[in-house]
Amino acid sequence: MFREKIPGKQLGGWIFAALVPVVIQLGAGGSWVETGVAALACGGAVWLVWRFGAQRIRWLCLPRLVLTVVMVGVLVSNSAFSWPGDNYPAVPLILLALAGWSAWKGPSAAARVGCVLFWFVLLMYLVVFGAGLGSVKVGWLRPWWRGVDLEVVLLLLVPALAMVLLRSEERWSGRVALPGAFLVAASVLVSGVMSPALAEEGFYEMSKGLELLGVVSRFEAVISAGMTLGWFSLLSLLLSVCGRLAEELRKGWGRWGVVAGATGGAVWMLCDLSISMGVMAVLVTIFWVLLPLLEQGVGREKKS
C-alpha cells in the first residue's frame with residue numbers, strides 16, 4: 001500500500017490544495033517583492049529535486065522521518081487560527097486525527113482526496129482574487145521590505161519532501177509551481193488593497209471588505225473554510241510522507257509511520273516544544289534538497 005507511487009499531475013493537485021491556503025494564511029502579509037524572490041528560489045530548488053533528485057540511500061529515511069515529524073509539530077498549531085476565537089488545541093488535534101485517518105488508507109487514496117480538494121481551493125481563491133482586483137490601489141504596490149517568514153520558506157519546500165511519493169518515471173508537474181505563484185498574487189493583493197502599512201494584518205483581514213459585482217461581500221467564512229481544507233491536505237501529505245519513509249525502513253511499517261507522525265506532531269505541539277525556524281529551514285534544505293541531488297550522482301557513479 002505505502003509502496004504505491006502517485007502520478008505527477010495527481011500529486012501536483014494534492015500539493016496545490018495543501019499549500020495554497022496555508023502559505024497565503026502565513027505569508028501573504030509580507031512584501032510581495034521579497035515573497036516573489038523566496039518563491040522563485042524555493043521553486044527552483046523543488047524543480048531541481050523533482051527533475052534530477054533521487055531517494056536511494058536507505059539509512060537517510062530515518063533522519064528524514066524524524067525531520068518530517070518535527071515539521072508536523074512545528075506547523076500544526078497554526079491551524080488553530082483558521083477560524084476566529086480560541087480554537088487551540090481542539091482544531092489542530094481534530095485536523096491531525098482526520099489527516100491521519102486519510103493517510104492511513106495509503107498515499108493513493110489520500111491523493112485522490114487531495115485532487116478533489118484542488119478544485120474547491122482553486123475556485124475559492126480565484127473568486128476572492130477576482131473580487132480584490134477592483135480594490136487595488138496601484139500606488140500601494142511600490143516595493144517595500146519587511147523580510148520573509150521562514151515558515152513560508154519551509155512550506156514552499158514541502159514539494160521536495162513529497163517527491164518520495166512520485167512515480168519514478170515522472171519528473172515534473174506544472175501544478176507544483178502554482179502555490180508560489182498564488183502566494184505572490186495574494187501578497188500583491190494584500191499590499192494593494194490594505195496598503196503596505198496594514199499588509200501585516202494578512203489576507204484574512206483583507207477579505208472582510210471586498211466587493212463582488214458592486215456589492216460588499218464578507219469572504220472571511222470562505223477563507224476560513226479554505227484554510228481548513230488546506231491544513232487537512234497539508235497534514236495528510238506530510239503524514240503520507242512519514243508512512244512512505246517508514247515503509248522504506250521496513251516493509252509493513254507504513255501505517256506505523258503515519259501514527260508516529262500524527263502522535264509525534266501532537267506531542268510536540270502540546271508540550272510546546274520549539275526549534276529555530278532557521279535551523280528547520282537549513283535541515284530541510286540539506287536532507288530534502290541537497291542530499292537527493294547528491295544521491296542521484298551516487299546512483300550514476302555506481303551504474304558506471
Side-chain angles (χ1 to χ4, degrees), residues 2 15 18-19 22-23 25-27 38 42 45-46 49 53 55 57-82 88-89 91-100 102-104 107 110 148-165 179 230-250 253-292 295:
F2 281 87
I15 289 170
L19 288 186
V22 178
V23 293
Q25 175 191 349
L26 298 181
C42 293
V46 168
V49 173
Q55 309 285 344
I57 302 176
R58 187 181 176 190
W59 67 265
L60 285 174
C61 290
L62 182 58
R64 283 171 175 155
L65 174 59
V66 172
L67 185 58
T68 308
V69 173
V70 172
M71 187 182 293
V72 172
V74 165
L75 294 173
V76 68
S77 60
N78 291 297
S79 64
F81 303 107
S82 299
Y88 179 88
V91 166
L93 291 176
I94 291 169
L95 286 172
L96 262 179
L98 291 173
S102 179
W104 179 269
V148 178
D149 290 335
L150 289 175
E151 275 181 322
V152 175
V153 174
L154 206 60
L155 286 164
L156 290 174
L157 290 175
V158 163
L161 283 67
M163 188 208 161
V164 297
L165 305 173
W231 279 108
F232 166 78
S233 300
L234 176 63
L235 293 172
S236 68
L237 179 63
L238 292 176
L239 294 180
S240 295
V241 170
C242 290
R244 173 66 188 169
L245 292 170
E247 187 73 16
E248 285 292 318
L249 286 171
R250 186 168 182 176
W253 280 14
R255 284 184 166 174
W256 289 110
V258 173
V259 172
T263 304
V267 170
W268 184 282
M269 179 188 70
L270 293 173
C271 292
D272 199 21
L273 301 177
S274 63
I275 183 172
S276 165
M277 280 296 153
V279 172
M280 279 295 297
V282 169
L283 290 175
V284 168
T285 302
I286 292 171
F287 281 96
W288 288 107
V289 177
L290 297 180
L291 288 179
E295 285 177 68

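Taking every heavy atom of both residues into account, Ser236 and Ser233 meet most closely at OG-O, 2.9 Å. Minimum interatomic distance between Val72 and Gly265 (heavy atoms only, all atoms of both residues): CG1-CA, 3.9 Å. Looking at every heavy atom in both residues, Val289 comes nearest to Val49 through CA-CG2, 3.6 Å. Minimum interatomic distance between Ser79 and Val91 (heavy atoms only, all atoms of both residues): O-CG1, 3.5 Å. Nearest heavy-atom pair, Ala160 versus Trp288, reported as atom, atom and distance to 0.1 Å: CB-O, 3.5 Å. Minimum interatomic distance between Phe287 and Arg64 (heavy atoms only, all atoms of both residues): O-NE, 2.9 Å.
The side-chain heavy atoms of Leu75 and Trp231, taken from C-beta on, include a pair separated by under 4.5 Å. Counting heavy atoms from C-beta on, the side chains of Val22 and Asn78 never come closer than 4.5 Å. Using a 4.5 Å heavy-atom cutoff, the side chains of Pro159 and Leu19 are in contact. For the pair Leu161/Leu237, no side-chain contact is recorded, criterion being any heavy-atom separation below 4.5 Å from C-beta on. Between Val258 and Cys242 there is no side-chain heavy-atom pair separated by less than 4.5 Å. With contacts defined as side-chain heavy-atom distances shorter than 4.5 Å, the pair Val153/Met277 does not qualify. Using a 4.5 Å heavy-atom cutoff, the side chains of Glu247 and Pro107 are not in contact.
Cys61 SG to Leu245 CG: the interatomic distance, rounded to the nearest 0.5 Å, is 5.5 Å. Note that CG of Leu67 and CG of Leu62 are 11.0 Å apart. Values are rounded to the nearest 0.5 Å. The line from OG1 of Thr263 to CG of Leu239 is 9.5 Å long, rounded to the nearest 0.5 Å. Note that CD1 of Ile15 and CG of Leu234 are 10.5 Å apart. Values are rounded to the nearest 0.5 Å. Atoms OG1 and CE, from Thr285 and Met280 in turn, are 10.0 Å apart once rounded to the nearest 0.5 Å. From Arg244, atom CZ reaches atom CZ of Phe2 across 10.5 Å, with rounding to the nearest 0.5 Å.
Of the possible polar contacts, one joining the Arg58 side chain to the Glu248 backbone as a donor-acceptor pair under 3.5 Å is found. Checked by atom type and distance alone, the side chain of Trp268 pairs as donor or acceptor with a backbone atom of Leu273 at under 3.5 Å. Proximity of a side-chain donor or acceptor of Gln25 to a complementary backbone N or O of Gly230 within less than 3.5 Å is not detected.
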One pair to check against side chain to side chain contact (heavy atoms under 4.5 Å, CB included): Leu235 and Leu98. What are the steps and the verdict?
CA-CA 9 Å; Leu235 293 172; Leu98 291 173; over 6 Å; no
Verify side chain to side chain contact (heavy atoms under 4.5 Å, CB included) between Val76 and Leu95, making sure each step is shown before the conclusion.
CA-CA 9 Å; Val76 68; Leu95 286 172; 5.8 Å; no
